[in-house]
Engineer: 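Have a look at this one before I ask anything.
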Amino acid sequence: MAVTRAQVRALLDQSGENNSLVLLEGRVEVVPSDRLASEPYDGAVEIVSGRDLATTLPPGPPTEQDMDALALRLETAITHLGA
């Protein structure tokens, strides 16, 4: 499952702190966290919330390299889940 820099950016954006990265039917998506309990996301596995992901970064705006590294780390986490 590929996690893109754009998905990481969507999680780290100020408006993204209320978003989550989820795995659903073989796809990785960024969705509003409050929608995870709704029917379209039944069976989705939450990988990380934007708020939690932001706590893993040093202070200051993330660089493109930071986002690439986070995307790779998230892909590894998904692989370890058996996806």
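Heavy atoms only: backbone and side chains are in, while hydrogens, waters and symmetry mates are out.
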Engineer: State plainly whether one hydrophobic cluster holds both Leu81 and Leu70, where clusters connect Ile, Leu, Val, Met, Phe, Trp and Tyr through side-chain heavy atoms under 4.5 angstrom apart.
Structural biologist: yes
Engineer: Do Leu36 and Val3 belong to the same hydrophobic cluster, where Ile, Leu, Val, Met, Phe, Trp and Tyr are linked whenever their side-chain heavy atoms lie under 4.5 Å apart, directly or via other members?
Structural biologist: no
Engineer: Show, in sequence, the C-alpha distance, side-chain angles and deciding distance for Asp34 and Asn18, and conclude whether the side chain to side chain contact (heavy atoms under 4.5 Å, CB included) test is met.
Structural biologist: CA-CA 8 Å; Asp34 61 353; Asn18 293 319; over 6 Å; no
Engineer: Looking at Glu29 and Leu24, what are the two nearest heavy atoms and their distance?
Structural biologist: OE2-CD2, 4.4 Å
Engineer: Passes side-chain hydrogen bond (donor to acceptor under 3.5 Å, both in side chains), Thr55 versus Asp52? Steps please.
Structural biologist: CA-CA 5 Å; Thr55 65; Asp52 289 343; 5.3 Å; no
Engineer: Check for a donor-acceptor pair, side chain of Ser49 on one end and backbone N or O of Ser20 on the other, with a separation under 3.5 Å.
Structural biologist: no
Engineer: Using the rule side chain to side chain contact (heavy atoms under 4.5 Å, CB included), only one of Val22, Leu21, Asn19 pairs with Val31; which is it?
Structural biologist: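 Answer after filtering Val22, Leu21, Asn19: Val22.
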Engineer: How far apart are the closest heavy atoms of Glu75 and Ala2, and which atoms are they?
Structural biologist: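 Residues Glu75 and Ala2, closest heavy atoms: OE2-CA, 3.7 Å.
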Engineer: Can you measure from CE (Met67) to CG (Leu11) and round to the nearest 0.5 angstrom?
Structural biologist: 11.5 Å
Engineer: Just by distance, do the side chain of Asp68 and the backbone of Gln65 share a donor-acceptor pair under 3.5 Å?
Structural biologist: no
Engineer: With a 3.5 Å distance limit and no angle check, can you tell me whether Gln7 reaches the backbone of Val28 through a side-chain donor-acceptor pair?
Structural biologist: yes
Engineer: Can you tell me how far the CG atom of Leu72 sits from the CZ atom of Arg5, to the nearest 0.5 Å?
Structural biologist: 12.5 Å
Engineer: If two hydrophobic side chains count as joined below 4.5 Å and joins carry through other members, does Leu12 share a cluster with Ile78?
Structural biologist: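 Yes, Leu12 and Ile78 fall within the same hydrophobic cluster.
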